[in-house]
Amino acid sequence: MRIDRYLTTLLLGIRTLLLRKRVEQELQEELQFHLDQQIEQLIEKGLSHAEARRTAISAMGGLERQKERCREVRAGQWLDLVRADVIFGWRQLMKRRVTTAAAVLSLGLAIGGCMSAFRLIDALFLRSMPINHAERLYGVFRFGSGFSDGKPRLETSYEYPVFQQMRAAVKNEATLVAVSYASRVDVSFRSEQEMEKAEVQYVSGTMFGSFGLRPALGRLLAENDDLEPEAHPYAVLSYDYWVHRFGKDPTIVGRTLRMGERVFEVVGVGPKSFTGTEPGTATDIYLPTMMNPGVIHPDWGWIRILVMLKPEASAAAVQDQLGAVFETLQRERVKEFSGRPKQFLDRFLSWHVKLRRTRTGISSTQDDYRLPMTILSALVTLVLLVARTNVANLMSAQAAARAGEMALRFSLGAERGRLIRLVLAESAMLAVMAAGLGVLFSIWATPFVVNRIQSPSQSIRLALEPDWVVALFGISLTAGVALMFGLLPALRTSKLRPMGALKGIAEPLKRQRWTRGLIVAQAAFCFVVLFVAGLFVTTFEKLTKQPLGFSPDGILLVDASARKAQEPAVWDQTAEILRTVPGIVSVAQAQWGLLSGNTQNSFVAVSGEVRPELASMLSISPDWAATMKIPLIAGRAFRQTDAKSDSAVINETFARQYFGTENPVGQRFSMQGAAGDLEVVGVLGNARYQNVREGSRSLFYVPIHQPDGKGSLIPISNSTFVVRTSLGDPMTLSDVVRKTIAKERPELLITNVRAQQELIEAQTIRERLLATLAAFFAAVALLLAGIGLYGILSYAVWQREREFGIRIAVGAPVRNIARLVTTELLALIAAGTVMGVVLGLVSLRYVGSLLFGVKGSDPAMLLAPAAVLLAAALLAALPAVVRAARIEPAMMLRAE
Amino acid sequence: MTKPSDFVQGTLDLLLLKILALEPLHGWAISQRLTAASGNVLQVSEGSLYPALHKLEVGGWVKADWKVTENNHRAKFYALTTSGRKALKEQTADWDRLSSAVSLVLRLREAKG
């Protein structure tokens, strides 16, 4: 069969697969046309319409039967065509099982890697939210300079009053929706003691309506559920949560749900497809924004703003109006900041709003993983290229080895096109098998990767169900790969000169320009993967091994809140009670745990002069430093009596930054906006405060109990108990702690219990993921490159057996033979490495921001992968060299 | 008298190729043309016509296009491809050889009888 007809058959087959409905409709239309014509003719001959119709249909043998026969013919033609090639290709592949297995395995792994990466990207960045008119949905973003470093930044958070003004300003052009950041909090559907975690999001009452969503049960929140602060205690559950937590219990509507001291009534269940507005997080419970205490606070940035444009409205006009509102509010607010440094005011005023399309929704998971996912995709693509190069080399080596067979077929009258097709069919089958393996791999690997990025404080849930985008990606990837490695050998076959091939004149490696090019490219890609993997592994090492300034082992952080602010004595007594629990060594209190992500910053004035740098602060109890094992550098720790004096403890960086070389103990400073001075009584070692990646920051501590100015202490409503246990896993005490406090101090509510170690791990999850996956890809790439080089060399030696035999016969030492085999290869690897170094240095521009404690331009980081690559190449070359050296000239010449 | 079921396998394909070699036609016109051109001897049942056309299409011998007829109906028109033309030439030659061989044999019998 000729190639053009072959392609027609293939394309029509694919069309039938993809456009089944259309093809069916065409068939119906074609036959219907015929019937109509026939009926017309019969009527002209004098038959009644009914008779004519009956006659026409029976002449055709029934419309449906006729259609069925056409379908069969079409499918049959296609199957015949594919079957012949499949059988032939299969036979060829089975003749060389080891090569086939190696090719399928390496390609399968690489394709699977690509598919997994793409599935994650699709789920996190590409999938539209299942809402009406996602194309009209915009997010309100803020751009401006960071307050602490002045670097350009993008933010999505707003204060609720800002939202209200914006909503009013554009109410004719768009519906504005406020959504809080989804957060994982304690909720209870029974008693307080049976707390469980759920992902809760506060949303505008208008959200469900403007998204065109319908309830699966009961009702959704509406505009009327979102009018007055604290007045609408209603909750909507997500469909997934309803299924997983309540087994689709239809009586859920009307049940109550407790969050802290507040009780909500469940009014309905959301639609099945909708998982919230944050890709990466699936919201479990939706509450009206008005139920969040933040709605009345002008300085709490806790919501994102989404804009659903009305059909005729222009995004640019809405952006201008929102911008005007925002700017007016900024100018008003900046008036409150008198006394702050000018630099701060400039940065504050640099912020402006912009609308951006957000059909996928907005989430911080997207921000966190945009760059890592891009880099991982690039790595996995490089691995795919290495694997593909490998298979191309194997296939073309085989094509060369089969030149004789092909020449024979050609001489016997086979069409050139037919021969090309044979080679292509083999490639296609390899690719399909590899894709099958790849799909299996990705089914396993994608959830595996998602599980690796879970943390107790943030659970990542992605909609991974394959959709048509994923399917299309898989198919085009497979087709592309098959073409890439099948085309070269196929073209080679087409250029075949039967005479030469039959005489056994094979082209030497030297002349095979493309083979050399492939080796160079393979080495370069492999180098880049190794290099980047090295950087990520080192980053993770440095990050986890760096001193934190405190000892996290055995520390349990117990976040507690009180329904009504409680006297400091109550908190102290609770700590006292906890101290009696077996396994607990010491208990302290703090505003929050270190590395919990919370910060409180303040400008500091020394001798009345406000400094431009911000300092961070934390309220602690006297025994906090000892519990955290932070060393005391100078002075003393807090005492119980410090609560009523104006004393502060500072860290080393604070001392250096604000007091220079002077002895800091006894110095005084003031917080900007506070009335009195604070006196430094002690200096503590530096400890990581908000983030494990941060450098040393200026930090000062104040006593957790503060005087109210009338001789007593201010009652406290939130605090964290820092509990040092003697246990390896402090979480085993979690239940005991919860029960003890619930029994002894029912006025306190435990909102969260976490191990300090968990917080640290949560902050290094991204680095761990990058290091693990990059190392895995590097190993795969190295293995593939090794196998590939081994294959090429073995083939080269086999080709030049005659030459080597003669050389050995005339007395060439083994050394020379070894050099002959390896010199060119090593030169190619070296060239590839140089290319790789260049590519690697270019890649630093993208990778750089993810690194910690390591420089990409560090010669050691460049030398190590080069050395590993060279070692692998030498190892791969060894068997071929041994084989070349062992050629027995006598035996070989006899074989000739 | 030739009934559709008596068509020798492959003969219908040849006839269709021949008719389409003259001009692109839709199924109904093909069936009319076939009947008329053979002096009403050959009547192709629609039962075989369309499967045969579809086979030729998927096999790449003819290509199909949706066009509007003179009566302003949308219909699927078939036309020969290069492969189809080549096949027509080959099959016509085959048919000529076969039919002349058959005639030869038949004449021989008559002479003896």
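Each chain gets a letter, A, B and so on, in the order the sequences are listed, and its residues count up from 1. Quick note: numbers below take in every heavy atom, side chains included, and nothing from hydrogens, waters or symmetry partners.
Neither the backbone nor the side chain of A/Leu35 comes within less than 4.5 Å of any heavy atom of chain B. Residue B/Thr69 touches chain A through its side chain alone, counting heavy-atom pairs closer than 4.5 Å. Looking at A/Leu27, only its side chain comes within 4.5 Å of chain B, counting heavy atoms on both sides. Neither the backbone nor the side chain of A/Gln32 comes within less than 4.5 Å of any heavy atom of chain B.
Of the listed residues (A/Arg69, A/Gln37, A/Arg71), the one with the most heavy-atom contacts under 4.5 Å to chain B is A/Gln37. Of the listed residues (B/His73, B/Glu57, B/Gln32), the one with the most heavy-atom contacts under 4.5 Å to chain A is B/Glu57.
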task: I would like to know whether B/His54 and A/Glu30 meet side-chain hydrogen bond (donor to acceptor under 3.5 Å, both in side chains); could you show each step before the answer?
output: CA-CA 11 Å; B/His54 281 246; A/Glu30 181 180 24; 3.0 Å; yes
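Separation of the B/Tyr78 and B/His26 ring centroids does not fall under the 6.0 Å cut-off.
Using a 4.5 Å heavy-atom cutoff, the side chains of B/Trp66 and A/Glu26 are in contact.
Other residues, nucleotides and ligands place no more than 12 heavy atoms under 6.0 Å from the CZ atom of A/Arg65.
The aromatic rings of A/His34 and B/Trp28 lie perpendicular to each other, with more than 60° between the two planes, well past the 30° mark.
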